[in-house]
> 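After the structure tokens below, expect a handful of questions from me.
Just so you know, these numbers use all the heavy atoms, side chains as well, and skip hydrogens, waters and symmetry mates. Convention: sequence-line order gives letters A, B, ...; per-chain numbering from 1.
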Protein chains: 2
Amino acid sequence: MTSSPRRYGSPDAKNRSVLLDAAEELLLAEGYSAVTARRVAAQAGLKHQLVHYYFHTMDDLFLALFRRRAEQGLEQQAAALASDRPLRALWTFSTDPAGASLTMEFMSLANHREAIRAEVAHYAERLRAAQAEALPGILQRYGIPPETCPPIVLVFLTTCVARVLVLEDRLGMSAGHDETRAYVEDLIQRLEEHPSRHD
Amino acid sequence: MTSSPRRYGSPDAKNRSVLLDAAEELLLAEGYSAVTARRVAAQAGLKHQLVHYYFHTMDDLFLALFRRRAEQGLEQQAAALASDRPLRALWTFSTDPAGASLTMEFMSLANHREAIRAEVAHYAERLRAAQAEALPGILQRYGIPPETCPPIVLVFLTTCVARVLVLEDRLGMSAGHDETRAYVEDLIQRLEEHPSRHD
DNA sequence: GTCTATAATCAGATAGAC
DNA sequence: GTCTATCTGATTATAGAC
């Protein structure tokens with residue numbers, strides 16, 4: 001009589017990670033619309049019902065996938081900011097094709113999946129807050145007067161440029177890319193190689 | 001015997017535009033995954049088969065929708081660049097929420113729809129080329145030495161910032177937005193109100 | 001933990017009547 | 001130009017056996 005007490009897999013089962021890996025590959029290669037229970041399972045070499053066994057709904061799968069990546073991202077960025085060439089490290093981190101592509105894909109997803117929206121927004125704000133907190137000290141170390149440009153604006157600009165570069169690359173666009181990369185990297189190099197000279 | 005010579009509606013039929021309008025509303029409000037033949041027709045108050053009558057496939061509908069918007073966009077940007085306050089006009093044009101949202105939605109779509117990809121990339125390159133052509137003259141008029149920053153880089157930066165601002169707004173993000181908007185608008189105002197002074 | 005089987009939707013697309 | 005009817009295939013999700 002009592003309605004079936006639906007069972008679900010434990011969070012640390014091996015095949016759970018296998019499914020998440022498969023989902024991430026699909027998301028990166030074909031976009032979020034390709035991430036269906038059946039295709040994820042096929043990619044993992046498992047039956048599609050297992051997706052529902054480990055993740056109640058597809059939203060749950062996306063959330064689990066996002067959280068796993070988000071934690072890695074926060075750690076990587078913290079390491080970059082703490083390194084001895086933080087600007088270069090931050091730029092390398094931000095323009096990582098896989099990372100930026102996944103972020104953009106999750107942002108698209110968040111646009112029409114309510115459950116994802118809050119999570120993505122929260123993570124992005126945390127990333128940005130960590131940068132905004134670290135940057136003033138970094139700029140000061142390089143002798144850059146804070147009046148030049150508010151650190152939070154610099155943080156925002158960097159993120160924008162990195163994301164759009166990666167996004168457009170994927171579409172086969174290139175207008176202005178080389179010039180912008182060169183401009184940013186030249187800027188970083190001048191700052192980090194000659195901390196005293198910058199005009 | 002001869003296989004049915006499938007018929008299709010003429011490009012200037014009234015209901016064709018009605019369907020495109022409906023598709024655009026859906027795309028803006030709920031994202032591209034909501035733009036199905038059935039939902040578009042429902043939004044337009046028509047039967048879903050009419051979508052296939054006017055647009056052979058859904059890709060055709062997306063392409064028609066994109067081209068209609070793209071032509072408007074190119075005209076609007078040309079008008080902005082030719083106005084007496086081109087920087088301000090360009091910024092206003094670029095940060096138009098509806099326009100930027102649609103552009104981002106089409107970029108997401110282009111990411112996993114081959115037929116859309118080429119069209120979106122081509123349009124975006126044309127927009128950027130038009131800006132890159134006009135900007136040197138504008139900067140010269142304001143007395144800005146071209147060594148400060150390559151015009152094409154400025155063009156790219158502006159587009160990035162505008163797009164990401166709009167995208168993040170839709171997700172409910174706000175960190176750094178006010179500061180960045182203020183920074184850009186202050187910059188534009190200083191340039192356009194006092195063409196001679198800029199330091 | 002994994003399987004078979006199945007329910008219930010929803011999608012794109014076409015044929016042919018009116 | 002618009003309709004009804006239909007085909008085909010994909011999707012999420014659940015129940016219950018093993």
Side-chain angles (χ1 to χ4, degrees), chain A residues 1-23 26-27 29-66 108-109 112-116, chain B residues 1-23 26-27 29-66 108-109 112-116:
Chain A
M1 277 312 120
T2 61
S3 62
S4 49
R6 196 132 150 64
R7 296 175 301 141
Y8 293 102
S10 78
D12 52 349
K14 175 192 146 206
N15 273 349
R16 202 188 117 106
S17 302
V18 173
L19 286 171
L20 284 180
D21 293 340
L26 265 178
L27 186 60
E30 301 190 43
Y32 69 82
S33 69
V35 182
T36 67
R38 283 171 155 81
R39 295 210 54 193
V40 167
Q43 181 86 9
L46 299 169
K47 300 288 177 179
H48 66 87
Q49 295 90 336
L50 280 186
V51 171
H52 298 291
Y53 172 65
Y54 285 110
F55 311 95
H56 309 204
T57 67
M58 290 307 289
D59 272 354
D60 290 330
L61 183 148
F62 278 119
L63 279 179
L65 186 56
F66 181 75
S108 299
L109 194 60
H112 37 279
R113 291 233 193 189
E114 199 54 33
I116 313 291
Chain B
M1 279 312 121
T2 61
S3 62
S4 50
R6 196 132 150 64
R7 298 175 301 141
Y8 293 102
S10 77
D12 53 347
K14 175 192 145 205
N15 273 349
R16 202 188 117 105
S17 302
V18 173
L19 287 171
L20 284 179
D21 293 341
L26 266 179
L27 187 59
E30 301 189 44
Y32 69 82
S33 69
V35 182
T36 68
R38 284 170 157 82
R39 294 209 55 191
V40 167
Q43 180 86 12
L46 298 169
K47 300 289 177 178
H48 66 88
Q49 294 91 334
L50 279 186
V51 171
H52 297 290
Y53 173 65
Y54 285 110
F55 311 96
H56 309 202
T57 68
M58 290 308 287
D59 271 355
D60 291 329
L61 183 148
F62 279 119
L63 278 179
L65 186 56
F66 181 75
S108 299
L109 193 60
H112 35 279
R113 291 233 191 187
E114 199 53 33
I116 314 291

> Indicate the atoms forming the closest heavy-atom contact of Val35(B) with Ala23(B), along with that distance.
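Closest approach of Val35(B) to Ala23(B), heavy atoms only: CG2-O, 4.0 Å.
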> Between C1' on dA10(D) and CG on Leu26(A), what's the gap in Å once rounded to a whole number?
15 Å
> If you only use heavy atoms from C-beta on, which nucleotide in dA13(D), dT11(D), dA13(C) is closest to the side chain of Arg6(B)?
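Side chain of Arg6(B) sits closest to dA13(C).
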> Which atom names give the shortest non-hydrogen contact between Val40(A) and Leu19(A), and what distance separates them?
CG1-O, 3.6 Å
> Hey, are the side chains of Met58(B) and Tyr32(B) touching, using non-hydrogen atoms and a 4.5 Å cut-off?
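Of all side-chain heavy-atom pairs linking Tyr32(B) with Met58(B), none is under 4.5 Å.
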> Rounded to whole Å, please give me the gap between CE in Met58(A) and P in dA13(D).
7 Å
> Does dA13(D) have its OP1 or OP2 closer than 4.0 Å to a side-chain nitrogen or oxygen of His52(A)?
yes
> Output the rounded distance in Å from NE2 (His56(A)) to P (dA15(D)).
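It is 13 Å, rounded to the nearest whole Å.
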> Measure across Ala34(B) and Leu26(B) and return the closest heavy-atom pair with its distance rounded to 0.1 Å.
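Between these two residues, the closest heavy atoms are O-CD1, 3.7 Å.
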> Using every non-hydrogen atom in the two residues, find where Ala64(A) and Arg16(A) come nearest and quote the distance to one decimal.
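Heavy atoms only, the tightest pair is CB-NH2, 3.8 Å.
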> What pairs meet the ring pair (Phe, Tyr, Trp, His ring centres under 6.0 Å) rule with one or both residues in residues 43-62 of chain A, with sequence neighbours excluded?
Tyr8(A)-His56(A)
> For every nucleotide of nucleotides 1-8 of chain D, 5' to 3': is a protein heavy atom under 4.0 Å from its base (B), only from its sugar-phosphate (S), or from neither (-)?
BBSBB---
